[in-house]
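Start at 1 and go down the list; that is how both ligands and their atoms are numbered. The residues of the chain are indexed from 1 along the displayed sequence.
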Amino acid sequence: MPKWLKDAVFYEIYPQSFMDSNGDGIGDFQGIIEKLDYIRELGCNAIWMNPCYDSPFQDAGYDVRDYKKTAERYGSNEDLVRLFEEVHRRGMHILLDLVPGHTSEQHAWFLESSRAEHNQYSDRYIWTDNWFHAPEGLKHVAGESERNGVYVLNFFKCQPALNYGFLNPEQSWQKGMDDPACIATREALKDIMRFWLDKGCDGFRVDMADSLVKNDDEKKTGTCRIWREIRQMLDDCYPEAALVSEWNRPELAIPAGFHMDFCLDWVGNGYNLLMRDMKNGENNSFFHKDSTRSILDFFDDYLKGYERTKEQGHYCLITGNHDTVRASACLDAQELKLAYAFLFTMPGNPFLYYGDEIGMRYQSELITKEGGYTRTGSRTPMQWDDTKNCGFSTADSEQLYLPVDITPNTPTVAAQEKDKDSLLNVVKAILKIRRENEAFHINENLETLYAKENERAFAYRRGDFLMMCNPSGKEAAIEISPELSKVPEKIYEIGAAAYTDGRFILGEQSFAVWQI
Ligand code: GLC
Ligand code: CA
């Protein structure tokens, strides 16, 4: 386990929209460099940056055309190395986004693979043996190449799947995982990882980490074997490099070699901590004041993954990401404060999506940009201050990557810095508590103290710290057993909380941290 993960708190940057340093309307590496001190002061000491490689941007850069070259709009490879250096100079770390499952249909490998004549890339992607032979159960495209075959997709039409083989090949065109062509794909992936690790990045967030081997079994036996091989490479040659998977199955991802896996609130597990229910759109987010739900909806699922993996890896909570609707679409400022206080005092490494620290709003009316669709509304420019374009860019507003939210009372960093009760200052205060107390750096020490069916208030413990939360609009009382031998000291509160006669009284919409 890389040592720096012990107390890492991540800030996710969507580079297009964070800070534009040269006035062309789009964020860039230099802009990020200029804001590193801001990120550090916020209390985040690590960064995950979404894909920044050369791309036709049909899926915001998740359609990679050249893994070893940065997109010009963000800067050169040298500029990115400078970003790594500036990050390290501040004692921080940075993960790039690794897209192992697919490339852009414009990647040179795919152009070669599409040719009629057999060549070294023919089997880099998955093709059937005939133009009218569709691969059963797999998304695919026919009729676009001179090659006589149909190819498999991983996500959008622009993203053909790389060939890591089939767990149990059944058709002549399906390769086994250890076919030389599939080994070559694996080696190409390792080569890309070494390329950026040698330049100074600190690891990767891995996109669709479960998607490598096709017709894999329920336990993802094939895909896990590949990740274990990759982890071995890191352990041998890059022991301080970290991997976090977009998977949401820590019991598979962590034994497979990931140091961290994301707990994704939106993948249909139904607990909707911060988010709206994706299926029916209902606002039943747990932290919503009027919700009737118990924290057990979340804990029942989360604790299964956590308990099984806590000694080996981190199961990480997020405020949101570039794929989710912003939590502020479901929760008001007070609700967000409680939600973040919870996220940031839980085990694992928290991930804060840019702009969530000020409650940036979800822009539901925007037309899709770069394959974003409903995700576009969560990808608008960061709001720094009340100058032109909220300080994001000096470009004309029509030239911006996406419009800045200039609706009345739009949140900005500058305004919230001045307000001691702002969401931004709550984030800072909680992250400070997390940073300064060792108990929050020990992954295995979570105990649930109080969590009941049909009750809203709940409590949990990490070492000497007790956290209590009452998201409801009514006062609540919590009694924990065994009783405490001394009076706990309240070190932080949102709303009002008190300890009297062995009971904790939690005012409406409150959160408190006690030390014993
Ligand atoms: C992941 C990314 C998402 C992207 C998809 C395909 O889910 O987070 O943004 O569109 O993979 O690469
Ligand atoms: Ca720019």
- Task: Just jot down the ligand 1 atoms closer than 4.0 angstrom to any heavy atom of Arg375, in number order.
- Result: 3 (C), 4 (C), 9 (O), 10 (O)
- Query: Is it the case that more than 12 heavy atoms not belonging to Lys388 sit under 6.0 Å from its NZ atom?
  - Reply: yes
- Query: Should Asp54 and Lys68 count as an ion pair when the cut-off is N to O under 4.0 Å?
  - Reply: no
- Message: Taking the basic N atoms (NZ, or NE/NH1/NH2) and the acidic carboxylate oxygens, is any pair closer than 4.0 Å for Arg205 and Asp207?
- Response: yes
- Taking the Ca ion (ligand 2) as the reference point, name the nearest N/O/S atom of Asp28. OD2
- Query: Just checking, Arg231 and Tyr238: is the charged tip under 6.0 Å from the six-membered ring centre and within 45° of the axis?
  - Reply: no
- Test Asp59 against every option in Lys369, Arg375, Arg65 by the salt bridge (Lys or Arg N to Asp or Glu O under 4.0 Å) rule and name the one that passes. Arg375
- Message: With rounding to 10 degrees, what does the angle Ile26:O / the Ca ion (ligand 2) / Asp20:OD1 come to?
- Response: 80°
- Task: Please name the atom of Asp24, restricted to N, O or S, that is closest to the Ca ion (ligand 2).
- Result: OD1
- Message: Distance under 4.0 Å to a non-hydrogen atom of Asp59: what atoms of ligand 1 satisfy this?
- Response: 4 (C), 5 (C), 6 (C), 10 (O), 12 (O)
- List every atom of ligand 1 that sits less than 4.0 Å from any heavy atom of Arg205, numbering the atoms from 1 in the order shown and giving each element. 2 (C), 8 (O)
- Can you sort out which atoms of ligand 1 are near Met208, meaning under 4.0 Å from one of its heavy atoms? 6 (C), 11 (O)
- Query: Cut-off 3.5 Å, side chains only: do Glu34 and Ser21 have a donor facing an acceptor?
  - Reply: no
- Query: the Ca ion (ligand 2) to Asn22: any N/O/S contact under 3.0 Å?
  - Reply: yes
- Query: Are Lys157 and Glu144 close enough for a salt bridge, meaning some N to O gap below 4.0 Å?
  - Reply: yes
- Item | From the candidates Asn321, Asp207, Asp323, the one that places a heavy atom nearest atom 1 (C) of ligand 1 | Asp207
- Item | ligand 1 contact on Gln58 by region, counting heavy-atom pairs under 4.0 Å | neither
- Item | Close-contact set for ligand 1 against His102 heavy atoms, below 4.0 Å | 6 (C), 12 (O)
- Item | Tyr62 and Asp97: side chain donor to acceptor below 3.5 Å | yes
